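First the structure, in the form of structure tokens, and then the observations on it.
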There are 2 protein chains.
Amino acid sequence: MDSRRDYGQFCGLAAGLNIVGERWTFLILRELLFAPMRFNGLLENLPGIGPNLLAARLRMLTEHKVIEQLAVPGDSRGRQYKLSEVGEQLRTPVLGLAKWGLQFLTEADSKKVVRDEWGFLAIQSMIIEEHIPADVSEVYEFRVGDHCFTIEVDHATVEFRSGSAPLPDLTISCDAYTFISIGAGMLTPFDAIVTGDVKVDGDPEVIHRCTRMLGLAG
Amino acid sequence: MDSRRDYGQFCGLAAGLNIVGERWTFLILRELLFAPMRFNGLLENLPGIGPNLLAARLRMLTEHKVIEQLAVPGDSRGRQYKLSEVGEQLRTPVLGLAKWGLQFLTEADSKKVVRDEWGFLAIQSMIIEEHIPADVSEVYEFRVGDHCFTIEVDHATVEFRSGSAPLPDLTISCDAYTFISIGAGMLTPFDAIVTGDVKVDGDPEVIHRCTRMLGLAG
DNA sequence: CCGGATCCGTAACGATACTG
DNA sequence: CAGTATCGTTACGGATCCGG
């Protein structure tokens, strides 16, 4: 730890930021929230970072056991990076920051890069704890662009997965841009359905529980 | 927004970090979580930042309406900075980061700077939502160093205040270093009480509810 | 091709001095 | 008190190169 860049404070926030507070680090962690990823995958998904800086960040995160290296099955030279248990604990605060930041997006940001995973990130971040359906157990499938994601609700607890669900109670299809725009308040769910940008398939009761959970219904 | 430093991604997390992701910004927000503060106050409490950088950060935060300027009553040239409604929304994610970072503190960090407010920050961050006492309404007073802080629990909701409470149901006294050490797992509450570093005064039932809320009891 | 390391120009940071 | 100005140092961003 370089003493010039260490905040030098006996405080949890400062100690945490000494590790994950540098430029790009939160975005690296965001990528790993969905699945393990290899070096060049991260490099592609984070345009502008440069290989030297990515290597430095991954080294820092590995040293502090926030991430771990994995072998890639079927590729002996390949390495994957995945969140450790400690890194996984950052999911909630990172989702909180992601939700907070949504309100700063405007039409002017439309030309920026988008990825399907970030659309699902927005969906995850919008979940209101108190509005998670209780007393039911059901599965929502989100088709964001050409990627599939699954949310499982089971008696007031919720779990996320990458990939499709066998028998979803609800299927919502849209592209990442559309869903992030909804989260940013640039587009209402009603308009998005009318224009066909969002397609919803499921029982009205289920739809209501899901949209309420995401803060999109009265 | 400088295009070199803008992440250029249509993503809530990236948009948020464009504003609060730079060095020192989260620590400035941390200071303002407790009370409005003036320029030189922030300068003192954030050793190492330098007035030019602090001014730049405050300008960025003000431009995006995360903080606001206030006049200081009785001092016409004085200015105070306080969190706006948007800035206040960062409380939960910041507390989440603060809690996460506690686990990285070690004995080696003992020589670092500490402030009483950071002790209370640790206390706030340790609160477990699901363990907030339901069906009771009571007040805990924390005397951290020579500062007083109050936590009001009222039927599964919780509120923080700087300052003393009129008739607390529970009073806990310690210095900031001790409480942060407990949060970091460097010290058990039992040991701290035995050595006299922590003094607790209140009904055993109340003590149990409070320590359970803070994740310090079985 | 994957996983980096090296090098270099530019932008940001850190410390001090100075001003309304 | 609340900043601005200046300047040396560090980090970042982009390109290229290298070993397996």
Side-chain angles (χ1 to χ4, degrees), chain A residues 1-9 14 17-28 31-32 36-63 67-82 112-113, chain B residues 1-9 14 17-28 31-32 36-63 67-82 112-113:
Chain A
M1 192 87 62
D2 186 341
S3 70
R4 281 184 66 84
R5 305 302 284 190
D6 187 310
Y7 285 118
Q9 300 179 356
L17 291 175
N18 280 334
I19 298 170
V20 299
E22 293 174 299
R23 185 162 168 77
W24 290 110
T25 302
F26 275 114
L27 298 187
I28 294 170
E31 294 302 309
L32 300 180
M37 197 173 286
R38 42 170 74 193
F39 190 90
N40 283 339
L42 289 166
L43 215 52
E44 284 174 32
N45 294 335
L46 300 171
I49 190 178
N52 53 348
L53 212 48
L54 177 58
R57 295 293 182 266
L58 291 173
R59 199 178 307 124
M60 167 76 92
L61 291 173
T62 305
E63 273 172 14
I67 63 174
E68 308 164 343
Q69 289 190 29
L70 276 174
V72 179
D75 182 355
S76 60
R77 348 164 263 186
R79 291 173 180 181
Q80 283 191 132
Y81 295 92
K82 69 165 295 225
K112 293 182 173 180
V113 178
Chain B
M1 193 86 61
D2 186 341
S3 69
R4 278 184 67 86
R5 305 301 286 190
D6 186 312
Y7 285 117
Q9 301 179 355
L17 291 175
N18 280 334
I19 297 170
V20 299
E22 292 174 299
R23 186 163 167 75
W24 290 110
T25 302
F26 275 113
L27 298 187
I28 294 170
E31 294 302 309
L32 299 180
M37 196 173 286
R38 41 170 74 192
F39 190 90
N40 284 341
L42 289 166
L43 216 51
E44 283 174 33
N45 294 336
L46 300 171
I49 189 177
N52 52 351
L53 209 48
L54 177 58
R57 294 293 182 266
L58 292 172
R59 200 177 305 125
M60 167 76 91
L61 291 172
T62 305
E63 273 172 13
I67 63 175
E68 308 164 344
Q69 287 190 30
L70 277 173
V72 178
D75 183 354
S76 61
R77 26 173 223 179
R79 291 173 179 182
Q80 282 191 132
Y81 294 92
K82 67 164 296 223
K112 293 182 174 180
V113 178

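All values derive from a computational prediction rather than experimental measurement. A, B, ... follow the sequence lines: proteins, then strands. Residue 1 opens every chain.
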side-chain N/O [X] vs [N] OP1/OP2, d < 4.0 Å:
| X | N | result |
| --- | --- | --- |
| A:Y7 | C:dC13 | no |
| B:W24 | C:dA12 | no |
| B:R59 | D:dG3 | no |
| A:R57 | D:dC12 | yes |

Between [atom2] on [N] and [atom1] on [X], what's the gap in Å once rounded to a whole number?
| X | N | atom1 | atom2 | answer |
| --- | --- | --- | --- | --- |
| B:L61 | D:dG3 | CG | C1' | 16 Å |
| A:R5 | C:dG14 | CZ | C1' | 9 Å |
| B:D6 | C:dA11 | CG | P | 16 Å |
| A:L42 | C:dG4 | CG | C1' | 13 Å |
| A:L46 | D:dG14 | CG | P | 13 Å |
| A:L53 | D:dT10 | CG | C1' | 13 Å |
| A:L43 | D:dC12 | CG | C1' | 15 Å |
| A:R23 | C:dA11 | CZ | P | 13 Å |

Taking the side chain as every heavy atom from C-beta outward, state whether B:T25 and B:I19 have any pair of such atoms under 4.5 Å apart.
-> no
Enumerate donor-acceptor pairs with a distance under 3.5 Å from any side-chain N or O in residues 74-81 of chain A to protein atoms, sequence neighbours excluded.
{"from": "A:D75", "atom 1": "OD1", "to": "A:R77", "atom 2": "N", "distance (Å)": "3.2"}
{"from": "A:D75", "atom 1": "OD1", "to": "A:G78", "atom 2": "N", "distance (Å)": "3.3"}
{"from": "A:D75", "atom 1": "OD2", "to": "A:R38", "atom 2": "NH2", "distance (Å)": "3.3"}

Sequence neighbours excluded, which residues qualify as salt bridge (Lys or Arg N to Asp or Glu O under 4.0 Å) partners of A:R57?
-> A:E22
Among C:dG4, D:dG3, D:dC1, find the nucleotide with the atom closest to the side chain of B:P51.
-> D:dG3
Which nucleotide in the set C:dG4, C:dC2, D:dC1 lies at the smallest distance from any side-chain heavy atom of A:R38?
-> C:dC2
[X] [atom1] to [Y] [atom2] distance, which is reported to the nearest 0.5 Å:
| X | Y | atom1 | atom2 | value |
| --- | --- | --- | --- | --- |
| B:F39 | B:L43 | CZ | CG | 5.5 Å |
| A:K82 | A:I67 | NZ | CD1 | 11.0 Å |
| A:M37 | A:E31 | CE | CD | 5.0 Å |
| B:E68 | B:L32 | CD | CG | 11.0 Å |

Using a 4.0 Å heavy-atom cut-off across all strands, classify B:R79 as base, sugar-phosphate, or nothing.
-> sugar-phosphate
Taking five pairs at each end of the helix from C:dC1-D:dG20 to C:dG20-D:dC1, what angle separates the two helix axes (nearest 10°)?
-> 30°
How do A:N52 and A:G78 order along DNA chain C: which one's closest nucleotide is nearer the 5' end?
-> A:G78
Upstream residue (5' side of DNA chain C) when A:Q80 and B:G50 are each assigned their closest nucleotide = A:Q80
Closest nucleotide of DNA chain D for A:G48 versus for B:N40: which of these residues is on the 5' side?
-> B:N40
Quick check: does any side chain N or O of B:Y7 sit under 3.5 Å from a backbone N or O of A:G48, one acting as donor and the other as acceptor?
-> no
